[in-house]
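Proteins come first, then strands; the chains are lettered A, B, ... in the order of their sequence lines, and each starts at number 1.
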Amino acid sequence: MTELHDDPLALEADLPSSLMTVNLGPSHPAMHGTVRLVITLDGETIVDAVPEIGFLHRGFTKSSESSTWHQVLPYTDRLNYVSPILNNVGYIMGVEKLIGIECTERAKYLRVLGGEISRICDHLTCISAIGLELGAFTVFLYGVEARELLWDRISEWTGARVTTSWTRIGGVATDLPPGFVERLRESMPRVMELTHEIDVLLSRNRIFYDRTRGIGVLSGEEALDWGFTGPCLRACGVNYDVRKAHPYAVYDRMDFEVPLGERGDTYDRYILRIREIEQSARIIEQCLEQIPPGPIIIDDWRYALPPKKDVFGSIEGVMAHFKLIMEGIQVPAGEVYVYSEGANGELGFHIVSNGTGKPYTIQVRAPGFPILSALPRLIKGHAVADIIPIFDSINMIGGEVEQ
Amino acid sequence: MAQALVDLVREGFKEAVLSSHSHRGDEVVVLRREAVQDVCRFLKDGEARIQLLRDIACVDLLTYDTEMTGGGALASNEVPAYDLAKKAPREPRFQLAYNLYSVVRKQSLRLRVELRSDDVKVPTVTGVWRTADWWERYIFDMFGIEFIGHPNLTRILMYPEFQGYPLRKDYPTRKRQPLVAELDFPDLVRGPGPGPGGAGVPMSQTHVGRKNVDPTTYD
Amino acid sequence: MDSAYLDPYLPVLILLLLAGLMCLAISFLAGYLGPKRIFPIKETAFECGSPTTGDPHSRHSVKFYLVALLFIVFDIESVFIYPWGALLRDFAAQGLGLFAYVEMLSFMATLALGLVYVWRKGALEWS
Amino acid sequence: MADGRLPILRPEGNVPESPRPHSGLGEEAAVPVLLTRREDAINWFEEKVSGALGWARANSLFQYPFVTACCGMEYMSVMCGRYDLARFGAEFPRFTPRQADLLMIVGTINVKQSPVLLRVYEQMTEPKWVMAFGVCASSGGFYDNYATVQGADRIIPVDVYVPGCPPRPEQVLDGLKILQEKIQTQRHTLHSVERSPELREEKKRSFLGKLLAR
């Protein structure tokens, strides 16, 4: 104890404090119920964190191997269940790339429209989760109310609020119901008003700003090295958005910017999602203006179900319908990796077909999987209270991470 | 346009590249197993500037040639719809696909490594990209492919007590290994079956009545 | 002390008695009446559903206790200021206003001295 | 009774079901209940107490949302402004099993999650009920493979099954109403203590005895 005297200012002698391991287990509200994080703490600062996942592994690949190409669709929209239409579009684009066909013009517009509405729902859920878990319950109520408005439009259009299963090979399942455009034009301003309300409540809020600015910082190169894509990568300033880099569907005709962050911390990841909601709203508006009339699914009966009047009207319709349903669509053999811009990043499907009616194997490149693997790197050195904002800002969705 | 990347790899590693082809717009380079680390390091640090390893996918080609895979809509999906005994497994059985992307050049490339079923070992690329850590653990967990030099090659999705590798084609879909003693409810839809939610009697012997398959050969 | 002095306080006493009784009754009855099935697994600590890791009684760094102590010291100080503030007007009426004011200033000065000492000693920095 | 666990009771929750001849849930109505059996006949006073306790417990359910998967999205909309669960007394989600009496299993239970679910259920204080929210919790949904438990009732007794993938908020409210009706008609007794054998000896030793025994 002699060293206490030579340093007069050292009020706290060097008392050895032992490390404490805390288990932020699977069944925890902030861990979205599917991740166990075993943290070693020195006092309040995090010394080490070991994430353990697999608590929502539902065997997507195995189940999809014993279902036909269309039967896999319901499995895809339970991958990232916050923005299901983006998964449907991503998967179906892969199958169409394997077959080598293009969907109809109107279907492309419908896919972009549905995708952007779904993207807004995802960002709204992420923002309200950040707000809720930092104590701002009002933000959660506003966010979920805004999402309810969009879910009403989606359920009117695709038939389901969350599990849409809405795209088909060569097009989409349902067209816009009558009066849909007017109702969407009515609710979009209300959604944007609620988003603006959240923006006003949180973005310049002293507590929120101090809790999230400068927390979980990552540089651009290191983010790429960890496999970041999407809002988390753009928060570090790297400009990679699949809709701009490799435009699919009709994104090349849409005029929108890609917001970029500067410091790559939690606050940037949050602000980016609000800016992207505004950009998505612009895309929706342009979609509604430019959408052409026409069929919503291709007329090639080898891949698309014939319309009902032909199924009951002509023998070819019956044959085509029977073969498609009983044996599934015969997709030519091959291996393809197709990627689209999911809500949390680049959503890739590695699809292998052996020429039968069933996919041979599908591996999902979930954007959240590599981002979650970087969680220990993000939270090391921060206080315990910073785990929650960081974990929310990477928007880990159990369904897609653990397939 | 990604052909430039293929040429880059070709002259960089003439003997390592076995073949390269393009399918539906995806450039694929088939590599020899030993060269994976060097090619990846070259692609990342060299002028290809491939900074993003998208994912590592694996394909088990055991049943690629039989017409009905896994278990069709009619066939029982707890017993694979092929007969192991008669058909020799297709060698090389596993195909590893490294999907790469260069943000700067906006080009993608896929490296393929083919592994025989008797020695499923591949050198790890965690030294090149840190994201490979979890992807390799996922492939090990699901297919049992061992990545030499991986710092912490353990199961990532399944629980440690799980035996076998679930995504292999010879692992039946519904073969469960419950962690907690489960109460046994009679499976009303699929007919009587031993064990709680276990593989049970394959559908072929229940009311659907497909070819009479002896379950002991598989479970 | 004649009983007149105590009279106004009788209702307060009854109120306190009743409140205390109700609190005890409610907490006791709730604990007693509820059905209970006690077995070892239920007795273990709840750690988000997984078996408990690490031992909870590890040694913490001393700065947590320091903050608690500092809080108590300055909290008590503010507790003393409230009655003084309430009665300041009466003191002024009796002509003791200045004296009471100086009295409180000296009280706060000594505590401010303590604050400066702690500040200089670096107990307020958290890192 | 392996490693400190009491045997799991029949799936009736752990509050004994009261015999109700007139309207039962499912097949109970079909079974004729003999009202004259001595141990079942409860006197007038107990019935009133059970009714009061039932009313109190039914209308103030504190829920532990065991959220795992996509049903969590519908759980959010059930909890928020438009389809408010608060109107039925189940407002406050308690994230610790000690203060919750309704375990809502929201989403798929996979095999790796089953020990977690079992432990959370066992650590809940009595009286407790379980609601299987969504098809995956009720019967495993369309994930019929190696990774998923085919319904939470294979692990813990479930009182109410809410179908739907994910169920619409109205279905959840209906499920809650059914559960409240079930609780109301259950037989609630005062002060029933059940202690597992190894804890029973523990109680006999005096405080000092335990101190010295350490």
Side-chain angles (χ1 to χ4, degrees), chain A residues 25-36 52-67 71 74-75 77-84 121-122 124-125 128-129 132 137-138 140-149 151-152 155 160-163 397-399 402-403, chain D residues 64-84 86 93-97 100 103-121 123-124 134-136 140-149 164-171:
Chain A
S27 162
H28 188 282
M31 287 294 138
H32 301 192
T34 53
V35 173
R36 167 189 295 155
E52 187 190 338
I53 61 171
F55 290 94
L56 191 57
H57 173 55
R58 305 185 271 200
F60 164 78
T61 313
K62 200 70 182 180
S63 294
S64 61
E65 276 160 18
S66 49
S67 6
Q71 283 172 346
Y75 287 112
D77 49 47
R78 286 155 176 86
L79 284 177
N80 181 345
Y81 38 77
V82 198
S83 52
C121 290
D122 191 299
L124 278 174
T125 312
S128 11
L132 172 70
F137 191 65
T138 333
F140 185 73
L141 291 175
Y142 285 162
V144 173
E145 178 53 27
R147 196 181 63 176
E148 285 289 334
L149 291 170
W151 274 3
D152 290 347
S155 51
R161 291 156 57 91
V162 176
T163 50
I397 308 284
E402 283 128 13
Q403 289 145 24
Chain D
Y64 179 97
F66 192 91
V67 181
T68 53
C70 359
C71 285
M73 295 303 122
E74 280 301 342
Y75 175 74
M76 283 188 197
S77 31
V78 164
M79 285 301 291
C80 277
R82 191 178 281 206
Y83 304 95
D84 209 339
R94 310 295 301 160
F95 292 109
T96 128
L103 173 65
M104 280 174 111
I105 306 167
V106 186
T108 319
I109 299 300
N110 85 346
V111 181
K112 194 171 183 180
Q113 187 99 12
S114 50
V116 174
L117 176 67
L118 184 61
R119 180 174 281 268
V120 166
Y121 173 75
Q123 286 180 338
M124 279 174 74
V135 162
C136 283
F142 69 154
Y143 291 107
D144 176 10
N145 50 37
Y146 59 91
T148 323
V149 175
C165 178
R168 270 197 69 88
E170 292 87 352
Q171 283 175 282

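- For A:Phe137, no part lies near chain D; criterion is any non-hydrogen pair under 4.5 Å.
- Looking at every heavy atom in both residues, D:Ala147 comes nearest to A:Gly59 through CB-N, 4.0 Å.
- Nearest heavy atom pair, residue D:Gly81 against residue A:Leu141, reads N-CD2, 4.1 Å.
- Between chain D and the options A:Glu148, A:Arg36, A:Arg58, heavy-atom pairs under 4.5 Å are most frequent for A:Arg58.
- The candidate from A:Lys62, A:His32, A:Arg147 with the greatest count of non-hydrogen atom pairs under 4.5 Å with chain D is A:Arg147.
- In this structure, chain D has a heavy atom under 4.5 Å from the side chain of A:Glu52, while its backbone stays farther away.
- Put simply, of A:Pro26, A:Pro29, A:Gly399, A:Gly398, the one with the most heavy-atom pairs under 4.5 Å next to chain D is A:Pro29.
- When each of A:Asn80, A:Leu56, A:Thr34, A:Val144 is checked for heavy-atom pairs under 4.5 Å with chain D, A:Leu56 comes out on top.
- For D:Pro97, no part lies under 4.5 angstrom from a heavy atom of chain A.
- Ranked by non-hydrogen atom pairs under 4.5 Å with chain A, the options D:Lys112, D:Arg168, D:Met79 are led by D:Lys112.
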Next on the checklist: Run A:Arg78 and D:Cys165 through side-chain contact (heavy atoms from CB on, under 4.5 Å) and show every step you take.
Outcome noted: CA-CA 10 Å; A:Arg78 286 155 176 86; D:Cys165 178; 3.0 Å; yes

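- Heavy-atom distances place the side chain of D:Val116, and not its backbone, under 4.5 Å from chain A.
- Contact of the D:Met73 side chain with the A:Pro84 side chain is not registered, since no non-hydrogen atoms from C-beta on lie closer than 4.5 Å.
- Counting heavy atoms from C-beta outward, A:Tyr81 and D:Glu74 have side chains that stay 4.5 Å or more apart.
- The CE atom of D:Met76 sits 6.5 Å away from the OG atom of A:Ser128 when rounded to the nearest 0.5 Å.
- To the nearest 0.5 angstrom, D:Asn110 atom CG is 8.0 Å from A:Glu402 atom CD.
- Most heavy-atom pairs under 4.5 Å with chain A, from the set D:Cys136, D:Gly141, D:Ser77, D:Gly107: that is D:Ser77.
- Heavy-atom pairs under 4.5 Å with chain A were tallied for D:Phe142, D:Phe95, D:Phe66; the largest tally goes to D:Phe142.
- Per-residue counts of heavy-atom pairs under 4.5 Å with chain A were compared for D:Thr68, D:Val120, D:Thr148, D:Ile109; the largest is that of D:Thr68.
- Between the side chains of A:His57 and D:Tyr146, at least one donor N or O lies within less than 3.5 Å of an accepting N or O.
- Ranked by heavy-atom pairs under 4.5 Å with chain D, the first of A:Gly54, A:Ala160, A:Ser155 is A:Gly54.
- For a residue to count as touching a neighbouring chain, one of its non-hydrogen atoms must lie under 4.5 Å from one of that chain's; by this rule A:Ile53 touches chain D with the backbone only.
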